[in-house]
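Below is one structure; the comments refer to it alone.
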Amino acid sequence: MAREKIVGLIEDALGRAVSEGLLSPVEAGTIELERPKRREHGDWSTNLALDVAGRLDMNPREVAVIIAGLIAEDPDVVSKVEVAGPGFINFHLSLAFIRNVLFEIEERGLEFGSSDAGGGQQVQVEFVSANPVGPLHVGHGRWAALGDALSSVMSHAGFLVEREFYVNDYGTQLRNFGRSISARYLELLGRGGEFPGGGYVGEYIKDIARRIVDECGDEFLDLPEEERVDTFIDMEYPRMLESIRDTLEGMGVVFDVWFSERGLYSRGEVEEAISALERDGKAYREGGALWLRTTEYGDEKDRVLVRSSGEPTYFASDIAYHHDKMDRGFDKVIDIWGADHHGYVTRMKAAMEAMGYGREALEVILGQLVKLFRSGRPVAMSKRTGEIVTLDELLEEVGADGARYFFLQRSHDSPLDFDIELAKQESPENPVYYVQYAHARISSILRYAREAKADLSEALPEDLVLLEAEAEMDLLRKLGELEEVVEFCALRRVPHRLTGYAEELATLFHAFYRDCRVVTDDERLMRARVFLVHGVRQVLRIVLGLIGVSAPEQM
RNA sequence: GCGCCCGUAGCUCAAUUGGACAGAGCGUCCGGCUACGGACCGGGAGGUUCGGGGUUCGAGUCCCUGCGGGCGUGCCA
């Protein structure tokens with residue numbers, strides 16, 4: 001990769017400057033190399049001289065000139081080195097080096113852009129984890145798109161990633177679910193009473209109750225309420241979970257592990273985790289409850305693990321859950337939570353520390369919510385009345401590709417305005433189609449090229465010399481950025497930045513298409529350009545694959 | 001009240017963690033199809049980066065302060 005080579009050149013030059021007595025010995029630290037914003041500033045740039053000048057008590061520009069003058073010429077990699085601005089040293093890559101990316105793409109196929117930046121670290125990404133008490137809403141869709149793309153991009157960057165869905169099949173929410181069904185069931189059979197507080201008022205509960213009546217009649221009518229609730233929970237939550245799984249698969253999100261909260265209890269892990277904390281003096285009894293000393297790890301108050309009723313809190317089972325995760329050997333666990341769980345982060349990290357794991361072993365990504373719009377007007381939604389747009393409805397209307405792309409367009413920490421009409425539109429205002437169109441257009445060109453010219457033997461390095469137009473070089477440079485983009489998205493946990501890269505690449509391709517004809521009478525040039533667009537298509541496939549959006553050959 | 005996050009073009013967002021003239025998309029205005037897909041392309045206008053101080057070679061980015069917004073602050077999950 002260009003980066004390492006250039007860093008090497010700089011280190012050598014700095015060493016020589018010192019040994020030749022041009023500069024006093026100076027601690028340079030890691031050499032920072034960055035992509036300048038402006039093209040005139042070259043392909044890579046370092047602020048090394050600005051950084052060390054202060055410590056050398058010299059003018060930064062002077063330092064830059066000395067170092068730049070000692071940088072070894074390497075025409076296979078760097079064509080020009082210059083000092084600019086306050087003391088930046090800018091590097092221009094040689095055209096030959098830039099073109100070589102095409103051979104690398106050819107060689108590595110779908111692996112192109114991957115690296116070992118993650119060093120094989122084992123990472124678990126847990127996301128969605130919706131209570132199986134109702135259909136997924138659009139917010140879940142966003143976490144799904146985010147978690148899945150993050151997992152993909154981290155895998156590509158050399159992490160070993162597992163996707164996990166935590167099933168809250170225990171506790172209050174599930175009871176509320178059962179009670180709600182029970183209430184509707186009784187209602188249908190003419191014994192309606194008061195609807196339970198905290199119950200789910202959505203229409204789907206009535207549908208479930210109706211189905212139970214259709215299938216089983218009044219079989220459960222005379223059971224004691226709690227028994228009926230239990231029965232309904234056991235009957236219905238697996239079905240609900242199944243339909244959640246279907247919805248997610250419908251948008252191409254597949255989990256490696258579905259982890260049950262009930263299992264934690266049945267294996268005694270919750271109790272174990274609690275008593276271990278108590279044994280280690282991390283928890284204490286007060287007022288009949290058991291408290292975890294989270295204040296020792298930065299929390300503002302201690303938190304209850306076991307209520308005075310003897311019942312463990314959700315926090316307790318979450319601790320057991322995270323203990324279990326760490327026990328499975330992950331180096332790092334990433335949880336994606338809705339922004340409303342914001343206040344929970346500190347205490348969970350405190351719990352990690354109390355258990356003896358570093359607080360950085362747990363990383364929490366808070367996802368902001370999704371506001372739905374239709375042609376610029378907000379879509380009314382009310383949790384209270386159960387009037388929500390489900391993820392299924394959204395996928396039905398805009399399609400999985402459009403939905404995933406839109407969910408991923410913005411940073412997870414800013415609220416997303418999702419315009420349904422725009423996501424549906426098959427027009428240039430819709431970036432999904434813009435990128436997919438580039439892929440389809442290339443496919444079409446390649447089909448045409450094959451028909452028009454029977455013999456399209458592989459391009460050779462001497463053919464590639466013909467690639468020199470500005471549009472061609474811009475495209476090649478962009479292809480060469482994939483690996484660092486993937487690394488950046490993975491290490492900074494910003495999968496949404498992949499969409500920006502995809503759009504930039506598509507834009508450069510469309511500009512190239514305008515300026516350069518691929519299929520021409522000049523056979524060498526044609527071979528070179530076919531090779532180029534083939535590489536562009538491959539990279540589009542890789543990026544769309546990471547995002548989880550299809551790459552159609554025709555549209 | 002206290003804690004965390006945020007405030008960048010008319011709108012939605014970027015800005016390589018302190019770097020060079022703050023960039024894209026949408027919208028708007030002007031222009032471009034006799035050859036590989038016009039679902040495309042080129043160009044213009046649009047900014048005191050919420051206000052005020054500070055730190056330094058250099059601030060949208062860091063510190064202080066004011067204003068405006070979001071979220072959190074349960075023996076709920």
Side-chain angles (χ1 to χ4, degrees), chain A residues 32-38 40-41 45-47 50-51 53-54 59-61 84-88 90 131 133 168 170-174 176 198 286-291 299-301 303-318 338-346 366 368-369 376 409-411 413-417 419 422 425-431 433-434 436-438 440-449 451-452 481 484-485 487-488 492 494 496-497 499-500 503-504 506-507 509-520 526 529-530 533 554-555:
Chain A
E32 295 198 22
L33 207 55
E34 58 181 32
R35 292 280 193 180
K37 285 181 203 145
R38 309 179 68 79
E40 315 87 88
H41 297 145
S45 174
T46 182
N47 65 348
L50 291 155
D51 186 41
N59 179 326
R61 253 198 101 95
F88 292 101
N90 296 334
N131 290 323
V133 297
N168 296 114
Y170 186 96
T172 318
Q173 298 304 324
L174 212 55
N176 289 340
E286 188 181 295
L290 185 69
W291 300 73
D299 201 2
E300 49 195 31
K301 57 172 289 198
R303 307 291 175 174
V304 172
L305 291 172
V306 183
R307 288 177 265 247
S308 42
S309 66
E311 205 188 343
T313 58
Y314 180 82
F315 184 43
S317 74
D318 229 9
D340 49 335
H341 288 65
H342 166 89
Y344 200 69
V345 178
T346 313
L366 293 174
Q368 294 288 333
L369 304 176
Q409 262 190 311
R410 306 214 181 299
S411 161
D413 53 29
S414 62
L416 174 65
D417 291 340
D419 195 306
L422 179 57
Q425 245 171 60
E426 302 189 7
S427 72
E429 292 87 68
N430 188 338
Y433 287 92
Y434 183 81
Q436 289 183 321
Y437 180 66
R441 199 179 218 183
I442 293 172
S443 299
S444 167
I445 291 171
L446 292 175
R447 283 191 297 270
Y448 181 86
E451 285 162 20
E481 286 175 23
E484 58 189 89
V485 169
E487 266 187 44
F488 179 84
R492 299 261 300 263
V494 285
H496 71 285
R497 296 288 300 278
T499 59
E503 284 165 43
E504 286 161 20
T507 298
F509 167 71
H510 289 306
F512 157 83
Y513 176 86
R514 179 197 67 241
D515 293 343
C516 306
R517 229 190 121 69
V518 175
V519 181
T520 68
M526 178 171 70
R529 286 184 173 164
V530 164
V533 298
Q554 299 178 36
M555 296 170 71

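Below, read A as the first sequence line, B as the second, and so on, with proteins coming before strands; counting in each chain starts at 1. Note that the structure is a prediction, hence the values are computed from the model and not measured.
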Spell out, as yes or no, whether a donor-acceptor pair under 3.5 Å connects the side chain of A:Thr313 to the backbone of A:Val306. no
Kindly label the base of B:C21 as syn or anti, based on whether its glycosidic torsion lies within 90° of 0. syn
Distance check, P atoms only: B:U49 and B:C21, in whole angstrom units. 14 Å
Taking atom C1' of B:A14 as reference, at what distance in whole Å does atom CD of A:Glu504 sit? 10 Å
For B:U17, measure the glycosidic angle (O4'-C1'-N9-C4 for a purine, O4'-C1'-N1-C2 for a pyrimidine) and name it syn if it falls within 90° of 0, otherwise anti. syn
Table of protein N/O atoms under 3.5 Å from nucleotides 45-49 of chain B N/O atoms:
none

Under the salt bridge (charged side-chain N to carboxylate O under 4.0 Å, His left out) test, which residues partner A:Arg307, sequence neighbours left out? A:Glu311
Go through the structure and list residues passing side chain to side chain contact (heavy atoms under 4.5 Å, CB included) with A:Arg441, not counting sequence neighbours. A:Tyr437, A:Phe509, A:His510, A:Tyr513
For atom C1', what is the distance between B:U48 and B:G60, given to the nearest Å? 12 Å
To the nearest 0.5 Å, what is the distance between CG (A:Leu305) and CG (A:Leu290)? 5.0 Å
Checking base pairs now: Watson-Crick or wobble, both atom distances under 3.5 Å. What partners B:G18? none
For A:Leu366, answer base if it contacts any base atom (sugar-phosphate contacts may also be present), sugar-phosphate if it contacts only those atoms, and nothing otherwise; contact means non-hydrogen atoms under 4.0 Å. nothing
Identity of whatever pairs with B:G47 - Watson-Crick or G-U, under 3.5 angstrom: none
Both distances under 3.5 Å, Watson-Crick or G-U wobble: report the partner of B:C36, or none. none
Verify the contact: side-chain N or O of A:Tyr433 to OP1 or OP2 of B:G25, cut-off strictly under 4.0 Å; return yes or no. no
Under 3.5 Å donor-acceptor pair, A:Arg492 side-chain atoms to B:U17 base atoms: yes
Gap in Å between the two P atoms, one belonging to B:C6 and one to B:U16, rounded: 14 Å
Please encode protein proximity along nucleotides 72-77 of chain B as a string of B, S and -, counting only heavy-atom distances under 4.0 Å. SS-BSB
For B:G69 and B:C26, measure between their P atoms and round to the nearest Å. 32 Å
Rounded to whole Å, how long is the line connecting atom CD of A:Gln409 with atom C1' of B:C11? 14 Å
About how many Å separate CD1 of A:Ile442 and CZ of A:Arg447, when rounded to the nearest 0.5 Å? 11.5 Å
Using the P atom in both, what is the distance from B:C64 to B:G3, to the nearest Å? 12 Å
Contacts under 3.5 Å, N or O only, protein and nucleotides 20-22 of chain B:
residue	atom	partner	partner atom	Å
B:A20	OP2	A:Lys37	NZ	2.8
B:A20	N6	A:Ser45	OG	2.6
B:A20	N6	A:Asn90	OD1	2.8
B:A20	N1	A:Asn90	OD1	3.3
B:A20	N1	A:Asn90	ND2	3.0
B:C21	O2'	A:Arg38	NH1	3.4
B:C21	N4	A:Arg38	NH2	3.4

I'd like the C1' distance from B:G31 over to B:G23, given in whole Å. 24 Å
How close or far is atom P of B:U17 from atom CD of A:Glu32, stated in whole angstroms? 6 Å
Let's test this: given Watson-Crick or G-U wobble pairing with both distances under 3.5 Å, identify the partner of B:G23. B:C13
Should B:G68 form a Watson-Crick or G-U wobble pair with both distances under 3.5 Å, which nucleotide is its partner? B:C6
Between P of B:C40 and OH of A:Tyr434, the distance in whole Å: 8 Å
Nucleotide by nucleotide, 5' to 3', does protein get under 4.0 Å of the base (B), only the sugar-phosphate (S), or neither (-) in nucleotides 32-37 of chain B, counting heavy atoms? ---BBB
Spatial distance of atom CZ (A:Arg497) from atom CZ (A:Arg492) [nearest 0.5 Å]: 7.0 Å
